[in-house]
Amino acid sequence: MRLLTTITLAAALLAGAASAQDGAALFNAQCKSCHTLTAASGPAGPSLKGVAGRKIAGAPGYAYSKALAGKGGTWSDAQLNAFLSGPATFAPGTKMFNKVADPKARAAIVGYLKTQK
Ligand code: HEC
C-alpha cells in the first residue's frame, strides 16, 4: 500500500505541471527538512519566508556561508532558478548542496516561494 502511494506520488510529480500547489508538495518533500517558512530560521537553514525579492543571504539570525553572504543582490526568479539548478555553481562554497534538476519542478517551487510572503 505504501509502495503504491509512493509510485502514485512519483507519477504525479513526473507529470510536472508547474503550479504553486505542486510547488508546495515539492517544498514539503525536498526543502522543509532544512527550511522554515516562518520568521525564525532553523538550525539547518535560513527561513525562506519572503525570500523572493529579498536580499540574498538576508534572513535575520542565520549564519550564512561567506560564499552566499558575499554574493550580493536580491533573489529574482532567475537568481532562485539558477541557485536551485546548482547551488555550488551559483555560489561556490555554499553550505547548501541540494539541487533541483527538473526545470518544471524548479519553476513550481519558485512559484510557491513567491506566495510565502
Ligand atoms: C540539507 C539542508 C537543506 C535542504 C534540504 C535545502 N536547503 Fe536551501 N539552504 C540550506 C542552507 C544551509 C542554506 C544556507 C547556504 C549558505 O549559507 O551558503 C540554504 C539556502 C537557501 C536559499 C538562500 C536563502 C537566503 O536567505 O538567501 C534558498 C533560496 C534555498 N536554500 C532554497 C531551498 C529550496 C527551494 C530547497 C528545496 C528544493 C532547499 N533549499 C533545500 C540548506 C538546505
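Remember, it's 1-based here, ligands and their atoms both numbered in the order they're listed. Index from 1, following the sequence.
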Practice item. Compute both the distance and the angle, then confirm whether Lys95 meets the cation-pi test with Tyr64: under 6.0 Å from the six-membered ring centre, within 45 degrees of the axis. Key: no
Check your understanding: Are any of the side-chain nitrogens in Asp77 or Lys114 under 4.0 Å away from the carboxylate oxygens of its partner?
Key -> yes
Point to revise | Name of the residue among Cys34, Pro46, Pro60 meeting side chain to side chain contact (heavy atoms under 4.5 Å, CB included) with Ser41 | key: Pro46
Review point. Any donor-acceptor pair under 3.5 Å linking the side chain of Ser85 with the backbone of Ala82?
Key: yes
Point to revise | Any donor-acceptor N/O pair, Ser47 side chain to Thr38 backbone, under 3.5 Å | key: yes
Check your understanding: Where does the angle between the aromatic ring planes of Phe83 and Phe90 fall among parallel (under 30°), tilted (30 to 60°) and perpendicular (over 60°)?
Key -> perpendicular
**Study point:** Residues lining ligand 1 [heavy-atom distance under 4.0 Å, listed by chain and residue number]
**Key:** Gln30, Cys31, Ser33, Cys34, His35, Ala44, Pro46, Leu48, Arg54, Ile56, Ala57, Gly58, Tyr62, Tyr64, Ser65, Leu68, Trp75, Leu80, Phe83, Leu84, Thr94, Lys95, Met96, Asn98, Val100, Ile109
